[in-house]
S.K.: 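Submitted below is the structure of interest, expressed as structure tokens.
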Amino acid sequence: MARWGMVINLNKCIGCYGCMVACKQEHYLPPKIFWGRVLVSEAGKFPSVKKLIYPVLCNHCKDAACVNVCPTGASIKREDGIVIIDYDKCVGCRYCVMACPYQQRTFYGDDSTQYFPGQGFTEWEMIGKELFPLQEGTVVKCTFCAERIDAGIKRGLKPGVDRNATPACVNACPAKARYFGDLDDPESEIARLVSERKAFQLGPEFGTNPSVYYIIR
Amino acid sequence: MVKAYDWMVKCTPQTEWIEHKGILLWLAFFFIELGAGAYFVGSFFNSLPAKGIGWLLCGLLGGGLHFLYLGRPFRFYRMVVRPQTSWISRGMIFVSLFLLLGFINIVLGFFSITSSILSVLTIVLSFLVVIYGGFAMCCINGIPLWNTALLPIIYVASGLWGGAGITLGVAVAKGSAQMLTGVEEWVHLLLISFIILLFTYLISINYGTIAAKTSISEIIKGKGWYIFWIVVVIIGIGIPVIAMMTGSRSTPAAILYLTLLCELLGDLGMRYLILKYGFYNPLIPKTT
């Protein structure tokens with residue numbers, strides 16, 4: 001079984017926020033809900049200051065803290081390594097939100113929030129409620145576009161290679177800074193990048209073994 | 001308001017368990033542990049009123065507030081399926097069993113029927129209820145202020161201290177001198193333990209990561225200073241220490257009740273600070 005993962009080349013990332021927008025658009029995410037974010041920081045002191053740009057998303061950890069602490073079994077780790085939430089089981093205790101050291105989970109507390117307050121839901125928001133119905137009072141997060149991967153595989157496509165089987169943020173990146181594929185397949189591009197380019201994970205001290213890697217060179 | 005470039009770049013405070021509806025969870029943990037503590041201490045003095053008050057505090061106030069905090073409260077029964085990994089799941093089992101068996105034990109006690117097996121079982125369960133909140137928090141390794149083995153011990157000390165205070169209040173109301181002396185010893189011992197544990201905890205955390213240092217700094221000299229120094233240290237610890245030194249026999253009942261109130265306020269303040277100033281470690285490795 002594959003273990004889906006992502007490699008992000010920080011040298012290529014230009015901090016355009018395209019991945020954030022693509023994710024919101026792909027899943028019709030309501031206001032204030034982001035499944036992917038871009039963190040911007042600075043390192044060093046003047047005159048040798050360096051800008052750091054880190055796109056972050058759910059790490060779909062191999063030993064996911066959020067899955068371990070979930071009291072209802074709503075947080076599930078699929079066989080292919082993708083961590084998803086069964087909204088029908090989630091009780092909204094937010095223990096997973098606390099347990100995720102990467103803070104990649106969000107409590108969806110208000111279903112009535114509109115992009116244009118007082119003017120009703122736009123057609124786009126209405127479509128979103130049909131296609132990706134989130135449940136008020138539950139926790140939401142990035143799914144690695146599991147629905148695209150599943151549909152693509154059914155059609156014989158290869159995630160990370162064929163666009164229709166690849167996460168939206170990877171497709172949208174104009175700098176081609178994101179790579180997606182099977183971490184357990186030594187022949188895959190991302191497995192090669194991880195082994196050859198000194199890829200690192202965020203917060204290795206947490207012992208969660210994330211499936212999202214970063215490379216600098 | 002967290003600026004976009006502050007989020008996870010600098011130390012970020014947790015908000016879900018203390019802000020907005022999170023306030024309910026803070027109160028829920030307090031009442032659950034206080035109630036179970038009162039039941040635990042009350043059991044050793046065979047005090048039915050203390051056990052009854054403890055059961056009500058734990059079940060009605062604690063359980064009710066916890067229920068209201070949930071995003072989907074009517075699915076609460078689902079929270080028992082992962083006891084092998086989740087402390088919330090274990091806690092839910094402990095609380096449910098404690099409330100059920102505790103109720104039976106109190107009703108039997110009301111009719112002067114004693115069951116030693118049931119008594120021991122409910123005492124064990126009440127202790128597990130007191131301790132589970134601390135374990136639920138200490139296993140969160142992203143927040144160094146919580147990720148310490150001292151936290152469950154402090155919560156046990158404060159839960160039992162509060163419970164002993166309630167039992168002392170019952171003893172004063174009943175005018176039972178023998179029980180008063182016995183409970184007073186518990187209160188004094190637990191007060192001293194709480195003070196030692198709290199300061200050991202704060203000092204040891206300060207030697208940790210940047211997020212740990214930020215938490216302690218915010219508690220002691222930052223935005224939480226007035227809660228820490230006024231509510232926790234002066235009201236919550238100082239006044240009970242003075243009361244301990246004067247002794248309960250020479251103190252009027254009203255002052256004793258006031259001391260109990262101060263004790264509970266201090267406990268509540270400490271729990272607020274621990275929740276409010278739980279900071280996550282920054283995510284980006286090199287920041288200025």
Side-chain angles (χ1 to χ4, degrees), chain A residues 10 17 20 34 37-46 49-54 56 59 65 67-75 86-109 135-139 200 202-208 214, chain B residues 2-10 12-18 20-22 25 66-67 69-93 136-137 139-144 146-147 209 211 275 278 280-288:
Chain A
L10 297 175
Y17 298 92
M20 274 174 74
F34 293 95
R37 293 178 174 95
V38 177
L39 306 184
V40 181
S41 175
E42 289 161 4
K45 284 185 179 171
F46 179 82
V49 181
K50 199 175 173 186
K51 191 171 185 179
L52 301 171
I53 304 168
Y54 275 77
V56 292
N59 285 290
V67 174
N68 291 338
V69 301
C70 178
T72 64
S75 286
D86 183 343
Y87 300 133
D88 290 331
K89 285 184 182 171
C90 180
V91 72
C93 69
R94 287 162 259 184
Y95 199 17
C96 56
V97 178
M98 306 304 306
C100 174
Y102 308 102
Q103 294 186 62
Q104 292 305 321
R105 289 180 163 232
T106 314
F107 180 67
Y108 181 51
Q135 284 188 27
E136 191 180 57
T138 61
V139 172
F200 63 94
L202 290 180
E205 68 274 18
F206 299 126
T208 53
Y214 294 83
Chain B
V2 177
K3 292 175 190 167
Y5 50 83
D6 278 355
W7 190 81
M8 289 307 285
V9 171
K10 296 176 180 171
T12 316
Q14 74 84 18
T15 54
E16 291 293 345
W17 276 11
I18 195 63
H20 309 296
K21 257 180 106 177
L25 194 73
H66 208 147
F67 177 80
Y69 165 76
L70 298 174
R72 288 273 171 170
F74 292 103
R75 294 179 186 167
F76 77 96
Y77 61 89
R78 289 185 182 273
M79 294 170 74
V80 296
V81 300
R82 298 288 297 277
Q84 68 278 22
T85 57
S86 172
W87 271 104
I88 291 280
S89 203
R90 286 170 202 156
M92 183 74 181
I93 293 168
M137 287 169 70
C139 71
I140 295 171
N141 61 4
I143 302 177
W146 299 1
N147 190 217
T209 61
L275 284 169
Y280 282 98
N281 279 310
L283 200 58
I284 295 186
K286 296 170 193 170
T287 55
T288 51

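Computed from heavy atoms alone, side chains included, the values below leave out hydrogens, waters and symmetry copies. Nothing here was measured: the structure is a model prediction, and the numbers come from that model.
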S.K.: Considering only heavy atoms from C-beta outward, does the side chain of B:R75 approach that of A:T72 to under 4.5 Å?
M.R.: no

S.K.: I need the minimum non-hydrogen distance between A:K89 and B:R78, along with the two atoms involved.
M.R.: O-CD, 3.5 Å

S.K.: Output the option from B:R82, B:Q14, B:H66 having the highest count of non-hydrogen pairs under 4.5 Å with chain A.
M.R.: B:R82

S.K.: Could you check A:M98 against B:Y280 for side-chain contact (heavy atoms from CB on, under 4.5 Å), going step by step and ending with a plain yes or no?
M.R.: CA-CA 9 Å; A:M98 306 304 306; B:Y280 282 98; 3.9 Å; yes

S.K.: Do A:V91 and B:M92 come close enough that some side-chain heavy atom pair is under 4.5 Å?
M.R.: no

S.K.: Do you know which of B:G278, B:C139, B:P73, B:A136 has the most heavy-atom pairs under 4.5 Å to chain A?
M.R.: B:A136

S.K.: In Å, rounded to the nearest 0.5 Å, how long is the span from CZ of A:F206 to CG of B:L283?
M.R.: 7.5 Å

S.K.: Would you please name every residue forming a ring pair (Phe, Tyr, Trp, His ring centres under 6.0 Å) with A:F46, sequence neighbours left out?
M.R.: none

S.K.: Pick one of side chain, backbone, both or neither for A:T106, based on which atoms fall under 4.5 Å of a heavy atom in chain B.
M.R.: neither

S.K.: Under a 4.5 Å cutoff for heavy-atom pairs, which residue among A:K50, A:E205, A:R37 has the most contacts with chain B?
M.R.: A:R37

S.K.: Could you tell me which portion of A:V67 (side chain, backbone, both or neither) has an atom closer than 4.5 angstrom to a non-hydrogen atom of chain B?
M.R.: both

S.K.: Which of the residues A:C90, A:G109, A:G203 is involved in the greatest number of heavy-atom pairs with chain B at under 4.5 angstrom?
M.R.: A:C90

S.K.: Can you give me the closest heavy-atom contact between A:P71 and B:S89, atom names plus distance?
M.R.: O-OG, 3.6 Å

S.K.: Quick one: are B:W17 and A:V97 in side-chain contact, heavy atoms under 4.5 Å?
M.R.: no

S.K.: For A:F34, is it the side chain, the backbone, both, or neither that has a heavy atom closer than 4.5 Å to a heavy atom of chain B?
M.R.: neither

S.K.: Only counting residues at least two apart or in another chain, list the ones meeting salt bridge (Lys or Arg N to Asp or Glu O under 4.0 Å) with A:R105.
M.R.: none

S.K.: Rounded to the nearest 0.5 Å, what's the gap from SG on A:C70 to CE on B:M79? Could you check?
M.R.: 9.0 Å

S.K.: Roughly how far, to the nearest 0.5 Å, is NZ of B:K10 from CG of A:L39?
M.R.: 13.0 Å

S.K.: Under a 4.5 Å cutoff for heavy-atom pairs, which residue among B:L70, B:I143, B:N281 has the most contacts with chain A?
M.R.: B:L70

S.K.: Tell me whether the NZ or CZ atom of A:R94 lies within the 45° cone about the ring axis of B:Y69 and under 6.0 Å from its centre.
M.R.: yes

S.K.: When heavy-atom pairs shorter than 4.5 Å are enumerated against chain A, which of B:S86, B:P83, B:G142 gives the highest number?
M.R.: B:S86

